[in-house]
Every structure is written in C-alpha cells, then in structure tokens.
Amino acid sequence: MANFAKPGGPRFSVDVYQNEYLPEGGREVNAIVTVTAKGGATPAGPAAPAAVVLMVDCSGSMDHPPTKMRNARDATAAAVDTLRDGTHFGIVDGTHVAREVYPGGGRLAVADPTTRAQAKQALRRLGAGGGTAIGTWLRLADRLLAGADVSIRHGILLTDGRNEHESAAELKDALDACAGRFTCDARGVGTDWEVKEVTGIASALLGTADIVADPARLTGDFTRIMESTMGKEVADVALRVWTPVGTRIKFMKQVAPTVEELTDRRTEAGPRAGDYPTGSWGDESRDYHLCVEVPAAGLGQEMLAARVSLVAAQPDREVQNLGAQGLVRAVWTDDMAASTSLNSQVAHYTGQAELAQAIREGLDLRKAGDMDGATAKLGRAVQLAGVSGNADTAKLLAKVVDVVDAPTGTVRLKAKVAEADEMTLETRSTKTVRVKK
C-alpha cells in the first residue's frame, strides 16, 4: 500500500488484494484495487472551488400530475440551499431546448444568501410545457461550467420522460462532448422515463443514477446529492496502469459502490501506460477489478504484472501525480493449493458483476416475452444476491419474482409487477456491497 496527502485535500491510499500464484502456463492475473480518500472534506466546505448546474425537466409531462412540477421546484430550491458559500451555480430549464433560468447571461452566480434567494425566486416561475431533448441541456450546462475558474464541475439532471425530441445519436454526441469535462448525477422521477437513457447519462459522465418513483421524495434526494457534491475536493482522478512488455489488460472495471465498465475509456499516458477515469473524489473509498494477461513463465519465476497509481488530470491543466500506488504481481508455482486458491475479494466482486449482468439480461428477456430465459437469469440473480450478502438487491428481486429456494436460484416470475418496482431493480442493478475484510 502507498498513500499520499494532497495539500489541503484528502489523503489517498491504494491497496491491492490478489492471489499472485499461478500454475505452470497460467497467464491470467486478477486483482482488486481499493482506492481510499480520507481526511479532506470538513463541514466548513470543500478545499476545492466548485461549480454546479441543475438541469430541471420542464417538459409538458411534468404537469401530470401538477404536483410533480411543484416537487421539482421545491427539490431544486432545497439543493440551492445546500450550496456552500462561494460555489458557482446555475439553473437550466430543460425542454426540447435548454434555457437559462438563473442567473442568465451565459454565466454562473456565486452562492451567498442574496443569490440563493434570487435563484429560489426564479424557480417559482418555472412551468411545464414542451418536449424533451436532453442533449441540449447537457451542452448548455457544459458551456456554463466551462466559464467558471474552478476545479470541481458538476451537473444534476432531473427528467420524467423519454428523450423523444432528439435522436439517440444526438444524445450520444452530446455525452461524448461533455465526457471528462464535468460529472453528472441523473435522476428519473415517476415511471415514464427510460432507464437505459438515465443510467447511460450517469455512466458516461461518471455520476450516479437512481429512480425517484414518488416525486414527493425529490427534495431529500436532491439535498443528499448536493451534500455529496459539496464534499468533492479532487477532480478528474484517473487510475494510471503501467504494464511491462508482453502483457495485455483484459479489463478494468469499478466494482464498488457500483459496477462500471472502464476498459474502453482508457487514454494512453506514455509507454505501456494508460489512464482510466474515475471522476471527482471526496472522503470515500471505491474498489476496482483489474485483469491482466501475462506471458507464460516457468515454475519459480515471478514478475510485476502491473503498477497502479493515481493522477489528477484536468482538461488543459498539468497532470498531477497523487503519489499513491499499488503493485500487482505474478508468481508461478507447482503448489496446487496456492495456485488454485481464489482471493476472497476477487471472488466476491466477480459474483457482484455477474449479479448485475443477470438482472439486466433477465429483465430484458422478460420484456421480450422470453419467460423461461427471464426466470433462469433472475433465479441466478437471486442465488448470487444471497451468496454475496446483497440484501438490498435481494429485496428488489423479491418484488419481481417469487423466491422458491434462494440457495438454488429457484424462482417463479410474478404475474403482475408494479412498473416502479421493475424500474427500481433495473436502475439499481449495478449497486454492490463490499466484501467483508
């Protein structure tokens, strides 16, 4: 383990959990890399200056029922109240176009008692009407955030419907343009939105996604999001992975607190090194699964399979080495007990990733009418949730299937499932529990 304290910020550490022993001819090395940031944020506010843009869906469907729009206004006002003094912020009205609600003029306000009051006054004028083109909201947020001289740039996006007034390609282009420029938490309110759209936005912009089925719960959710955002202190942190000649990274994925594939997001960072983005950090810990293919070697030989370090690389700024690093090793042995033992961390998160995939595939099969296939996949999910101790996911699964025998994964699909229950399971399918060390 190595650690590093950023001046005025959190202390980063890297721990590597693996079974480094391989049988003769073995080539695959798996390791769980735990990154922890501690001791930075305080109740007095973040050390790093921040900017936040709140994007509020104001399409016509937000008026059905009328309380939904009121709940959205109240939740956004609560988020504004949670801003620390000095935070740059703005509010965007999102329909088939994007419009600045506050402060206007292509700029952001700076939070203080006066600007908070002005923002909440502006929110009272928000009404519902028009369509939905989320890409335009994100592009406007990007322009506003880019004008702020801050290190932490964050968006909060709320929608209640499908992105019907722009193509999937247009939304993807907007996400590609915004990726790496700011992080974004996305929320779907009610049950008329598309799960894959909302989770896709959060995934592309390294934020969180969730469902708020009951609009009355929006205020609490927005307040928690903003509290978390105010605790971020280091932006654009990347896992830099160096590997020696002859090796190949098979995959890199975040496995806690959620499963997030990072393999295809690698950017080259010098000879045999690449960076995998992780977004901004406060006082928190996350786990990553690294799988490396190494050249076959003889018994008794050993090698460094990978070196994992942390860097902060903001656009147009010098890359900062955060100092913390961990080593992944490979040792070839004829000790069968050593080479066949599966590290408990690796085993746990392999199961968690399979759990998330089984839920997604099972729900897709159910929607497609393949009830046998859906039963098999969701039964496997129930089994994996029980083995890993993921009680929250097990409870969500129990609202979609009748569990006959959890250890064997024997289930029956429920004849009737509330739409909110199915969407909650799908949206939260990637949430994981950490292995007990």
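Sequence positions, counted from 1, serve as the residue numbers for this chain. Only this structure's heavy atoms are used, side chains among them; waters, hydrogens and symmetry mates stay out. All values derive from a computational prediction rather than experimental measurement.
- Atom NZ of Lys367 has more than 12 heavy atoms from other residues, nucleotides or ligands within 6.0 Å.
- Around the NZ atom of Lys377, the shell of radius 6.0 Å holds no more than 12 heavy atoms that belong to other residues, nucleotides or ligands.
- For the pair Leu304/Leu327, a side-chain contact is recorded, criterion being any heavy-atom separation below 4.5 Å from C-beta on.
- Judged purely by atom type and a 3.5 angstrom limit, Thr247 uses its side chain to pair as donor or acceptor with the backbone of Pro244.
- Note on Glu426 versus Arg360: no salt bridge recorded, every NZ/NE/NH1/NH2 to OD/OE distance being 4.0 Å or above.
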Checklist line | Criterion side-chain contact (heavy atoms from CB on, under 4.5 Å) on Val234 and Phe12, from CA distance to verdict | finding: CA-CA 10 Å; Val234 183; Phe12 283 91; 3.9 Å; yes
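- Using a cutoff of 4.0 Å between basic side-chain nitrogens and carboxylate oxygens, Arg84 and Glu227 are not scored as salt-bridged.
- Closest heavy-atom contact between Gln352 and Val433: OE1-N, 2.9 Å.
- Proximity of a side-chain donor or acceptor of Asn19 to a complementary backbone N or O of Ser341 within less than 3.5 Å is detected.
- Glu28 has a carboxylate O that lies under 4.0 Å from a charged side-chain N of Lys250, or vice versa, which qualifies the two as a salt bridge.
- Here Arg286 pairs with Glu284 in a salt bridge; the nearest charged N to carboxylate O distance falls below 4.0 Å.
- No more than 12 heavy atoms of other residues, nucleotides or ligands sit less than 6.0 Å from atom OH of Tyr21.
- The number of heavy-atom neighbours closer than 6.0 Å to CZ of Arg107, taken from other residues, nucleotides and ligands shown, is above 12.
- Looking at Phe222 and Thr82, their side chains never come closer than 4.5 Å, going by heavy atoms from C-beta outward.
- Taking the charged nitrogens against the carboxylate oxygens, Arg428 and Asp210 do have a contact shorter than 4.0 Å, which makes a salt bridge.
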Salt bridge (Lys or Arg N to Asp or Glu O under 4.0 Å) between Asp275 and Arg265: does it pass, once the steps are laid out? CA-CA 8 Å; Asp275 289 350; Arg265 302 190 191 188; over 6 Å; no
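- Of the charged side-chain nitrogens involved, none lies within less than 4.0 Å of a carboxylate oxygen, so that Lys68 and Asp63 do not count as a salt-bridged pair.
- A salt bridge links Asp176 and Lys172; the closest N-O separation between the charged side-chain nitrogens and carboxylate oxygens is under 4.0 Å.
- For the pair Arg434 and Thr34, the tightest heavy-atom approach, listed with the atom from each and the gap, is NH2-CG2, 3.6 Å.
- Shortest non-hydrogen contact noted between Ile359 and Leu425 is CG2-CG, 3.8 Å.
- Between Lys399 and Glu422 there is no salt bridge, since no side-chain N of the basic residue sits under 4.0 Å from a carboxylate O of the acidic one.
- Aromatic pair His154/Phe182: centroids not less than 6.0 angstrom apart.
- The backbone N or O of Gly26 sits less than 3.5 Å from a side-chain atom of Trp332, completing a donor-acceptor pair.
- Under a cutoff of 6.0 Å and an axis angle of 45°, Arg187 and Trp193 do not form a cation-pi pair.
- Relative ring orientation between Phe251 and His289 is described as perpendicular, the plane-to-plane angle rising above 60° on a 0-90° scale split at 30° and 60°.
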Salt bridge (Lys or Arg N to Asp or Glu O under 4.0 Å) assessment of Arg162 paired with Glu197 = CA-CA 8 Å; Arg162 293 173 176 82; Glu197 284 180 351; over 6 Å; no
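- Between Tyr288 and Tyr276, the ring center distance fails the sub-6.0 Å criterion.
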